[in-house]
Number of protein chains: 2
Amino acid sequence: MEGKHATAEEVARAAGVSQSAVSRAFTPGASISAPLRARVNAAADALGYRPNAIARSLITSRSRIVGVVAAYLHNHFYPSVLEALSRELQARGHQILLLTADMAQGADATLDTLLRYRVDAVILASVTLSSRLAQACRAAGIPVLLFNRTTRAPGVASVTGENRIGGRAIARHFVALGRRRAAFIAGVEDSSTSRERERGFLEGLAEAGLALHGRQVGGYRYDGAAEATRQLLRQRHPPDAIFAANDHMAIAAMGVVRHDCGLDVPGDLALAGFDDTEPAAWPDIALTSYAQPAGEMARRAAEALLSMLDRPALTVRRQVVAGRLIIRGSSQAA
Amino acid sequence: MEGKHATAEEVARAAGVSQSAVSRAFTPGASISAPLRARVNAAADALGYRPNAIARSLITSRSRIVGVVAAYLHNHFYPSVLEALSRELQARGHQILLLTADMAQGADATLDTLLRYRVDAVILASVTLSSRLAQACRAAGIPVLLFNRTTRAPGVASVTGENRIGGRAIARHFVALGRRRAAFIAGVEDSSTSRERERGFLEGLAEAGLALHGRQVGGYRYDGAAEATRQLLRQRHPPDAIFAANDHMAIAAMGVVRHDCGLDVPGDLALAGFDDTEPAAWPDIALTSYAQPAGEMARRAAEALLSMLDRPALTVRRQVVAGRLIIRGSSQAA
DNA sequence: CTGAAAGCGCTTACAG
DNA sequence: CTGAAAGCGCTTACAG
């Protein structure tokens, strides 16, 4: 192991040039002649030189690091998002500092890390804490983007799926199937995402003169959704259709409906989720879902955020990425 | 938005102390009197000061950043790992720089980023590239730990599950169920993890005088495993049990066995995976699996890696974390 | 305990 | 195009 890293100073000595020349050879667009660059490169290769990004960050006050705050990666939508974000940001020369914010590691600690490491921008993909963190980042002058959620607060960009439209599409689908007693399992009460999906769902039911037949809160968790489902099925007239605010909860509901209660899906009860995560497509799950294209959402997020870096005056945008209803066996027998 | 961050110099002026004093107030264990510290803290709070971790890294040559290289987060084992690693590293004052290495973003680019950002240590949790990257990091003097894989190369620590023992346990389980034609779906051929699981599986079968009845390579991918399963079922005498090198592939196999071929699981064919990921426990999947405790593995990894930082001379260890066989409906009817 | 000063490894005006 | 020099925001011997 060679231990210490070579510095620009050492490369300069080896190449017989100034340290500035070394820096220029590694700075895209810097004015340096081809011969000089060649000499620098040769020496750099020989010494295994890599510019120190930390030192570069200090002088440019650009870390080229984006803080990504996630939580609850058990929901399979987020791993896909993370992978896509990583790809899109790397392609644009940025890296991801991954923070997982949970109850223990609260908003304050997360904010502290974000600020100390001088991240260039922040992507918030965590249900909880997001609003507070978004405010705090804005106050510190860091561009923020909410992923899969939004906020009324000004100056905060967001990328979301078609929550309201998707909720409506699922209601219409249930209605078309002849279901009359549709229930909803909400995510977290103060989540804009869950509220919008519910709103659309209610609108879709209302078009057919129907009202919600039951409603429980699953908190976006597997166990929470399972319990919510038990509550719904305990009613005198149990629902004949359930829309859960995301696939993760819908899959929990499916387990309870089929295995705890021995009901037939979709015969006795139709089921739908949101996100179209991979498990939804597994034959044994076959969950009807409104798709959110994680890749496209990530691309838009990376693009929007980095353009905010270049043009701070840019108007902050709330982007909605189109999805579509994917009908599978959980709502309609093949 | 306040725009620029306060510096130690500004805090010092506001508090009427030297800049060194400000630094000491924020350095655990530095010699500073209580009154001085109080004055500094007051001024720091008023200015919203947070020490610049970038500048600190430059002078201490410790970034307190651990590079985590992952790939294919679609396998649900890795999101759990990532969450656990993040928790364990944050608890020890370190952050995660997340790199996703795929074909496009190859080993060279990944190594380059790791080195430029001067990460303190690297955790490799990617099937491909790991060996090359591990070598390169060692050559650069960066502590490396392989997660869920190992290598013959010296100086590389690793944390794995009980691959060989687990493979053997699954073979014995199949044998106890009276299965005589057990097949294996490998991950990637040159993956130590897949090889060890296979080795244990063969040993377990051999104990009962059985040989492998079929073998295909799934490449750890869903589609690859589905295709591997089709091949296995196309044989004259199809297998009556399949062990896939991980849950992700076992679930793909389950879809093919039940839905493409209309066979009964476990009646016609018993199925087992490895990892005990969350979907394995979903009632509609109910996959028998050998558990790998992601949380415990992450704790050990964080601990081992950070102790290597403090004591570079420390002997590098290969740790194996105990798991256990979880029997579910895919192999044994309830 | 406290402060003045050197220095970490770069980028980037400023001259030439 | 090229080099000498200042400076990014810290930590840490070195004196006192």
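Lettering follows sequence order; numbering is per chain, from 1.
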For B:Ser18 and C:dT2, is the shortest distance between a side-chain N/O and OP1 or OP2 below 4.0 Å? no

With DNA chain C as reference, determine whether A:Pro51 or B:Val17 sits nearer its 5' end, using the nearest nucleotide of each. B:Val17

So does B:Thr151 get a backbone contact from the side chain of B:Ser192, meaning a donor-acceptor N/O pair under 3.5 Å? no

Residue-phosphate contact under 4.0 Å: A:Tyr49 side-chain N/O, C:dC10 OP1/OP2: yes

Looking across every strand, which nucleic acid part, if any, lies under 4.0 Å from B:Leu36 by heavy atom: base, sugar-phosphate, or nothing? sugar-phosphate

Rounded to the Å, how far apart are A:Arg118 CZ and D:dG9 P? 8 Å

Just the rounded figure in Å: distance from C1' of C:dC8 to CG of A:Leu58. 9 Å

Taking atom types as modelled, is there a side-chain donor on B:Ser63 or B:Ser57 under 3.5 Å from an acceptor on the other? no

Can you measure A:Glu10 atom CD to C:dC8 atom P for me and round it to whole angstrom units? 11 Å

Measure across A:Pro143 and A:Asp120 and return the closest heavy-atom pair with its distance rounded to 0.1 Å. CD-O, 3.3 Å

Closer than 4.0 Å, any side-chain N/O of B:Ser33 to the OP1 or OP2 of C:dT2? yes

If you only use heavy atoms from C-beta on, which nucleotide in D:dT2, C:dT12, C:dG3 is closest to the side chain of A:Ser31? D:dT2

I need the full list of side-chain hydrogen bond (donor to acceptor under 3.5 Å, both in side chains) pairs touching residues 6-16 of chain B, with sequence neighbours left out, sorted by first then second residue. none

How long is the line joining CD1 of A:Ile54 and P of D:dG7, in whole Å? 23 Å

By nearest-heavy-atom nucleotide on DNA chain D, the more 5' of A:Gln19 and A:Ile32 is A:Ile32

By nearest nucleotide on DNA chain D, pick out whichever of B:Arg50 and A:Ala34 is the more 5' one. A:Ala34

Please report, rounded to the nearest Å, how far the P atom of D:dT11 is from the CG atom of B:Asn52. 9 Å

Rounded distance in Å - OH (B:Tyr117) to P (C:dG9): 18 Å

Between the side chains of A:Thr100 and A:Tyr72, does any donor sit under 3.5 Å from an acceptor? no

Take N1-N3 plus N6-O4 or O6-N4 for Watson-Crick, N1-O2 plus O6-N3 for G-U, both under 3.5 Å. Which runs of 3 or more such pairs involve DNA chain D? C:1-3 with D:14-16, C:5-12 with D:5-12, C:14-16 with D:1-3

Can you figure out which of D:dT12, C:dG3, C:dT11 approaches the side chain of B:Ala21 most closely? C:dG3

Parallel under 30°, tilted from 30 to 60°, perpendicular over 60°: which one fits the rings of A:Phe77 and A:Phe147? tilted

So, the side chain of B:Gln95 versus the backbone of B:Ile65: is there a donor-acceptor pair under 3.5 Å, distance only? no

When only distance counts, do a donor and an acceptor, one from the side chain of B:Arg24 and one from the base of C:dG3, lie under 3.5 Å apart? yes

Would you mind reading off the distance between A:Leu115 atom CG and D:dC10 atom C1', rounded to a whole angstrom? 17 Å

From CZ of B:Arg116 over to P of C:dT11, roughly how many Å is that when rounded to an integer? 10 Å

Between the side chains of B:Tyr78 and B:Asn148, does any donor sit under 3.5 Å from an acceptor? yes

Candidates D:dC10, D:dC8, C:dA5 - which lies nearest the side chain of A:Ile59: D:dC8

Under 4.0 Å, heavy atoms only, any strand: does B:Thr60 hit a base, just the sugar-phosphate, or nothing? sugar-phosphate

